[in-house]
Amino acid sequence: MRHAHLAASVLLLAGALVAAKQTKKFEAPKTFEEKEKIAVEMKKISKQLDVRCEYCHSDAERGLKEGDYTLLTREGEYAHEAMFPISAKYKVECSYCHAGNELTAAGERTHQDMKFMRKYKREKRKTLQCGSCHIPGNAGKEFQRLTKFAKKTGY
């Protein structure tokens, strides 16, 4: 009986860990000014991507208080961990690559670059980052300036 109870506890814990992994919580802004600044930026991003807030943030239907957008969906996690840092590093907005549900020419090129990066990783067993080939610069100009490595690989 004791082992059955322990096994059930382990299964419950494992289930809780899986559920926690599905929605990641980020630290909420502390002041009203921080909230206002983030809200303005998020509204701009949602318009550029043509998505609603619930695309990236868990909503009240998933057991949260109305307006609690501190839990992220998988898409939100990807945006928060991958896309926002790239956007900040290369000084571009979402609309540089995304036009609603469609991609811009720069977005199409980025997808080609990502395919190249995956292929390179499979063949050479080395990971490439955007900065392996592209030099950060003024908004939009970075994709035109390439590193010596990029010129050498001929891509």
Side-chain angles (χ1 to χ4, degrees), residues 13-30 33-64 66-155:
L13 179 60
L17 288 173
V18 168
K21 197 171 190 174
Q22 289 176 351
T23 54
K24 187 174 184 178
K25 188 161 182 143
F26 67 93
E27 191 166 327
K30 306 266 188 278
E33 289 78 18
E34 288 175 348
K35 288 179 184 179
E36 186 70 23
K37 184 178 178 183
I38 291 171
V40 168
E41 188 63 26
M42 290 291 105
K43 284 179 186 178
K44 187 167 93 175
I45 289 169
S46 70
K47 284 182 183 179
Q48 290 175 0
L49 299 177
D50 193 26
V51 296
R52 295 178 50 106
C53 301
E54 291 80 12
Y55 183 76
C56 292
H57 298 277
S58 291
D59 60 1
E61 291 176 12
R62 297 184 185 134
L64 299 174
E66 185 69 33
D68 180 358
Y69 289 106
T70 58
L71 287 177
L72 299 173
T73 63
R74 287 187 180 129
E75 293 83 1
E77 284 182 34
Y78 179 73
H80 193 266
E81 294 172 6
M83 304 300 345
F84 290 174
I86 288 170
S87 177
K89 181 175 181 177
Y90 291 99
K91 301 175 182 89
V92 294
E93 292 187 351
C94 302
S95 60
Y96 187 76
C97 292
H98 299 273
N101 294 324
E102 303 293 321
L103 291 174
T104 64
E108 291 288 347
R109 177 60 194 206
T110 301
H111 273 261
Q112 290 174 1
D113 290 349
M114 291 168 66
K115 287 179 185 176
F116 172 76
M117 290 164 58
R118 285 191 295 271
K119 180 181 175 189
Y120 189 88
K121 184 177 182 178
R122 276 193 315 270
E123 292 175 359
K124 309 285 186 187
R125 303 209 187 286
K126 293 181 182 175
T127 302
L128 295 176
Q129 302 291 327
C130 298
S132 301
C133 295
H134 298 283
I135 300 170
N138 295 329
K141 302 260 190 249
E142 67 285 345
F143 295 108
Q144 297 166 8
R145 297 176 56 220
L146 299 175
T147 63
K148 289 178 185 176
F149 171 80
K151 292 173 185 172
K152 187 173 120 180
T153 60
Y155 186 71

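For reference, positions follow the sequence shown, starting with 1. The figures here come from the full heavy-atom set of this structure, side chains too, leaving out hydrogens, waters and symmetry mates.
- By the 6.0 Å contact criterion, CZ on Phe149 is enclosed, its count of non-hydrogen atoms from other residues, nucleotides or ligands being greater than 12.
- Between Gly131 and Thr147, the shortest heavy-atom contact is O-CG2, 3.8 Å.
- In terms of heavy atoms, Lys121 sits closest to Thr127 at CE-OG1, 3.6 Å.
- Residues His111 and Leu103 come closest through the heavy atom pair CD2-CD1, 3.3 Å.
- Put simply, NZ on Lys35 and CE on Met42 are 15.5 Å apart, with the number rounded to the nearest 0.5 Å.
- For the side chain to side chain contact (heavy atoms under 4.5 Å, CB included) test with Leu49, the passing option among Cys56, Cys97, Cys94 is Cys94; the others fail.
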Next item on the list: Determine, step by step, whether Glu36 and Glu33 satisfy the side chain to side chain contact (heavy atoms under 4.5 Å, CB included) criterion, reporting the C-alpha distance in whole Å, the side-chain angles of both residues, the deciding distance to 0.1 Å, and the verdict.
Entry: CA-CA 5 Å; Glu36 186 70 23; Glu33 289 78 18; 5.6 Å; no

Checklist line | Test log, rule side chain to side chain contact (heavy atoms under 4.5 Å, CB included), inputs Lys119 and Arg122 | finding: CA-CA 5 Å; Lys119 180 181 175 189; Arg122 276 193 315 270; 3.8 Å; yes

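- For Glu75, the side chain to side chain donor-acceptor pair (under 3.5 Å) partners are Thr73, not counting sequence neighbours.
- Counting all heavy atoms, side chain and backbone alike, Glu93 lies closest to Lys44 at OE2-NZ, 2.9 Å.
- At a threshold of 4.5 Å between non-hydrogen side-chain atoms, the residues Arg118 and Lys115 count as touching.
- Counting all heavy atoms, side chain and backbone alike, Thr104 lies closest to Tyr96 at OG1-O, 2.5 Å.
- To the nearest 0.5 Å, the span separating OG on Ser95 from CG on Asp50 amounts to 13.0 Å.
- The NZ atom of Lys43 sits 8.0 Å away from the SG atom of Cys53 when rounded to the nearest 0.5 Å.
- Looking at Arg109 and Gln112, their side chains come closer than 4.5 Å, going by heavy atoms from C-beta outward.
- In this structure, the separation between CG on Leu146 and NZ on Lys152 is 14.5 Å, given to the nearest 0.5 Å.
- Summarising the geometry, atom SG belonging to Cys133 is positioned 7.0 Å from atom CG belonging to Asp113; distances are rounded to the nearest 0.5 Å.
- Of the inter-residue distances, the one linking Lys126 atom NZ with Tyr120 atom OH reads 5.5 Å to the nearest 0.5 angstrom.
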